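Below is one structure, written out as structure tokens; the observations come after it.
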Amino acid sequence: MFGNRDFIYLTDHCVNSDRLYSFVRFKVKNYGSCEATSGLTSSLAFTPEQMSVVTDSPVHSSNSDDFIAFLDAELGASSPESSPDKEAENEDELESVRIKRHKIESTEETEGSTSEGIMKQNLETSTKVDVCTHPGSFGSMCIRCGQQLDGKSGVTFGYIHKGLRLHDEEISRLRNTDMKSLLCRKKLYLVLDLDHTLLNSTLLAHLSSEESYLLNQTDSLRDISKGSLFKLDYMHMMTKLRPFVRSFLKEATEMFEMYIYTMGDRPYALEMAKLLDPQGEYFNAKVISRDDGTQKHQKGLDVVLGQESAVLILDDTEHAWVKHKDNLILMERYHFFASSCRQFGFNCKSLAELRNDEDETDGALAKILKVLKQVHCTFFDKHQEDDLINRDVRQVLSSVRSEVLSGCVIVFSRIFHGALPSLRKMAEQMGATCLAEVDPSVTHVVATDVGTEKSRWAVKENKFLVHPRWIEAANYFWEKQPEENFIIKKKQ
Amino acid sequence: MFFHIVLERNMQLHPRYFGRNLRDNLVSKLMKDVEGTCSGRHGFVVAVTGIENIGKGLIRDGTGFVTFPVKYQCVVFRPFKGEILEAVVTMVNKMGFFAEAGPVQIFVSNHLIPDDMEFQSGDMPNYTTSDGSVKIQKDSEVRLKIIGTRVDATEIFCIGTIKDDFLGVINDPATV
């Protein structure tokens with residue numbers, strides 16, 4: 001069917017009427033039908049024997065009038081048999097077009113040998129004018145025009161399908177269109193990390209002797225949705241899902257379009273996705289592994305098809321997201337197995353060794369879910385004035401964060417120099433005011449030692465004297481923690 | 001398009017297969033070796049249908065293996081640019097959809113899906129017309145036109161379009 005784009009390259013080539021003629025003939029042959037076309041193109045009707053332009057079409061604009069007049073003149077000059085008026089007299093336009101189509105088909109059959117040449121010529125001219133921008137490639141072919149490309153440009157999207165690459169403009173186009181539909185459904189994006197965030201895995205060989213009892217307690221792989229401890233024999237691994245993770249995913253999927261983004265390799269990531277989502281309802285082709293990232297040892301939102309202003313990230317490793325710290329919600333690490341504790345340099349007993357686990361209803365995931373709900377609620381708050389499309393989840397996140405410790409005035413005392421700037425930043429992001437010296441407005445003294453001058457001042461003035469972990473805990477749980485749990489012990 | 005053609009291949013056979021059943025062994029090894037493989041020139045070898053001729057074997061020095069030149073008839077499948085194919089949708093996402101016609105992977109980008117079909121996400125992502133009468137989702141059968149092909153050593157990739165007359169869904173799994 002003739003579209004507006006076809007029309008544009010008609011005008012570019014109408015100077016050469018022979019080529020135009022063959023082009024239109026090709027088009028007519030190819031599409032087989034001229035009936036239900038736009039006003040402009042329906043006023044053009046060509047046959048191999050005679051070329052003519054219907055001038056009395058009621059729909060065309062003055063601009064197209066000019067064009068048709070020009071065409072008429074050009075064609076009249078080059079083909080002596082043309083009769084411009086003959087078609088104009090024909091009342092039943094559709095009927096005539098149909099007849100002509102038959103004619104064209106019959107003549108094309110007889111001219112089989114030449115039509116190929118014409119086709120070639122037209123393919124050449126159309127590629128010249130209608131340049132495809134090659135929005136992406138699949139198996140090093142353009143996804144729009146099928147042309148062979150060099151296959152090295154653009155961002156790979158191997159996690160969606162092997163051999164798929166997209167260019168930046170196409171990615172931003174997809175993000176924009178997706179954003180609109182997403183906002184209509186009142187959803188945002190959520191990128192989830194696997195290890196230490198949603199689950200904890202260990203190699204079977206790394207199980208400590210105190211943990212070997214777990215081997216008899218694994219849940220069946222046949223009924224994944226009920227279990228939380230799985231032994232994956234062929235990967236030589238054991239995986240423990242974090243308590244509350246199933247309810248977490250179920251509730252989060254109402255508010256978010258979820259991605260998995262892990263530093264593990266592809267088979268591992270897919271296997272874990274199967275454990276978390278046995279029905280395949282949450283992460284449909286949205287599992288990104290380290291093989292899919294664009295930078296080594298870094299996670300980036302460039303392979304996530306979502307506007308950065310609408311993405312929240314849940315991860316336990318801050319430095320993996322150097323470019324997207326504002327989107328990040330830092331998770332407290334989940335160490336169920338001893339090998340994972342050792343990996344991070346803790347010498348304490350693992351949860352598995354203690355035969356303990358995080359609390360189902362009051363654990364880290366339950367707490368973070370509350371934060372996610374709050375952010376989601378604020379983002380889609382009807383009372384805000386600006387448009388949904390202009391809102392930024394990063395601002396919402398930082399404003400929610402800044403209420404955690406609001407009203408607290410903090411003075412630090414005897415904190416290790418290397419840790420001080422990050423602690424101070426953390427406290428300020430949560431809305432606390434940090435002072436260098438004590439004054440009557442101070443509410444908390446954060447110290448590692450009760451013997452310092454500031455600590456003694458706090459005790460004397462009846463202010464809170466807390467350990468730096470108080471700030472870290474508030475940062476993980478997005479809640480001011482009870483100060484009495486963070487009292488500094490006296491050194492013996 | 002399918003073709004029934006004659007191809008040739010040099011088969012190496014271990015001496016333990018020599019004997020009365022040499023020919024049968026050779027044929028079954030040939031089938032195992034070539035069926036399901038892919039060559040850039042001929043496309044996918046679907047099935048071996050017959051043996052034209054088995055040439056004289058040549059004993060390899062040192063190994064004892066014998067090389068037989070075998071001429072065989074087979075059915076091959078090769079997609080062409082401009083060809084109309086029927087394929088089963090395997091994955092639908094916001095970029096378009098992926099479909100399979102036998103061993104061939106076809107991608108139809110959303111540029112080449114009619115403009116009146118819109119992407120609907122959810123646990124069953126699909127492309128649907130505004131009136132909801134036509135729906136493309138996983139396992140739908142579609143008729144599409146190939147606009148580009150690339151044949152690798154083991155895979156064939158195609159770009160398809162359904163933005164043309166008489167193309168699109170031919171069987172909706174939801175209604176069956």
Side-chain angles (χ1 to χ4, degrees), chain A residues 1 3 30-33 35-36 119 123 132-149 151 157 159-167 170-171 173-182 184-185 187 189 253 256-258 277 279-286 305-306, chain B residues 38 40 79-83 89-100 104-128 137-138 144-167:
Chain A
M1 207 85 21
N30 222 17
Y31 292 107
S33 152
E35 280 142 305
M119 233 159 100
L123 283 177
C132 176
T133 51
H134 304 319
S137 64
F138 172 59
S140 65
M141 281 175 296
C142 169
I143 58 168
R144 193 164 148 207
C145 65
Q147 210 179 307
Q148 294 276 347
L149 304 173
F157 280 82
Y159 71 93
I160 294 174
H161 200 287
K162 194 185 162 203
L164 186 68
R165 277 166 181 273
L166 292 177
H167 282 259
E170 177 72 357
I171 294 171
R173 191 188 70 87
L174 283 169
R175 280 181 182 166
N176 282 331
T177 52
D178 202 46
M179 184 76 181
K180 280 175 207 145
S181 75
L182 203 70
C184 287
R185 288 180 288 127
K187 280 190 173 187
Y189 301 98
T253 195
F256 298 96
E257 206 179 287
M258 293 189 291
D277 180 19
Q279 259 83 43
E281 51 198 335
Y282 308 135
F283 310 108
N284 168 38
K286 287 180 294 194
L305 285 174
Chain B
C38 173
F80 287 92
K81 217 168 161 174
E83 187 181 349
V89 175
T90 54
M91 189 203 298
V92 180
N93 56 39
K94 49 196 142 191
M95 272 149 280
F97 65 84
F98 292 91
E100 279 177 7
V104 180
Q105 304 273 336
I106 305 157
F107 177 57
V108 179
S109 91
N110 59 10
H111 297 276
L112 301 173
I113 294 171
D115 296 328
D116 64 330
M117 295 194 89
E118 269 199 22
F119 177 68
Q120 321 276 331
S121 56
D123 55 344
M124 197 63 162
N126 59 74
Y127 281 87
T128 313
Q137 61 188 32
K138 191 172 187 286
L144 46 84
K145 188 164 100 177
I146 304 291
I147 61 164
T149 62
R150 195 176 66 98
V151 185
D152 263 2
T154 54
E155 282 169 305
I156 303 184
F157 292 110
C158 288
I159 302 289
T161 175
I162 56 164
K163 211 179 192 174
D164 218 330
D165 295 349
F166 308 109
L167 300 180

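Chain identifiers are assigned alphabetically (A, B, ...) following the order of the sequence lines, protein sequences preceding nucleic acid strands; residue numbering begins at 1 within each chain. Quantities reported herein were computed from a predicted structural model and do not represent experimental measurements.
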Which bit of [X] is near chain B, if near means a heavy-atom gap under 4.5 Å: side chain, backbone, both or neither?
| X | result |
| --- | --- |
| A:K162 | both |
| A:E170 | side chain |
| A:L164 | side chain |

Looking at every non-hydrogen atom in both residues, tell me the closest pair between [X] and [Y] and how far apart they are.
| X | Y | value |
| --- | --- | --- |
| B:T149 | A:Q148 | O-NE2, 3.2 Å |
| A:P135 | B:H111 | CG-NE2, 3.5 Å |
| B:I106 | A:F138 | C-CE2, 4.3 Å |
| A:D178 | B:K94 | OD2-NZ, 2.8 Å |

Sub-4.5 Å side-chain heavy-atom contact between A:I160 and B:M91 |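 Of all side-chain heavy-atom pairs linking B:M91 with A:I160, at least one is under 4.5 Å.
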
Would you check if the side chain of B:S109 reaches a backbone N or O of A:R144 as a donor-acceptor pair within less than 3.5 Å?
->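 No: the side chain of B:S109 does not pair with the backbone of A:R144.
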
Check for a donor-acceptor pair, side chain of B:R150 on one end and backbone N or O of A:G139 on the other, with a separation under 3.5 Å.
->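 Yes; at least one donor-acceptor contact below 3.5 Å.
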
Under a 4.5 Å heavy-atom cutoff, which of B:I156, B:V108, B:N110 has the most pairs with chain A?
->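 Ranked by contacts with chain A, first place is B:N110.
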
What orientation do B:F98 and A:H161 show, parallel under 30°, tilted 30 to 60°, or perpendicular over 60°?
->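 Rings of B:F98 and A:H161: parallel, as their planes differ by under 30°.
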
Do you know which of A:G136, A:G146, A:S181 has the most heavy-atom pairs with chain B at a distance under 4.5 angstrom?
->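 Top option by heavy-atom pairs under 4.5 Å: A:G146.
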
Give a yes-or-no answer on whether the side chains of B:S121 and A:R185 include a donor-acceptor pair shorter than 3.5 Å.
->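 Side chains of B:S121 and A:R185: pair found under 3.5 Å.
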
Contacting moiety of [X], where chain A heavy atoms sit under 4.5 Å:
| X | value |
| --- | --- |
| B:Q105 | both |
| B:M95 | both |
| B:I113 | neither |

Between atom CG of B:L112 and atom SG of A:C145, what is the distance when rounded to the nearest 0.5 Å?
->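 It comes to 9.0 Å.
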
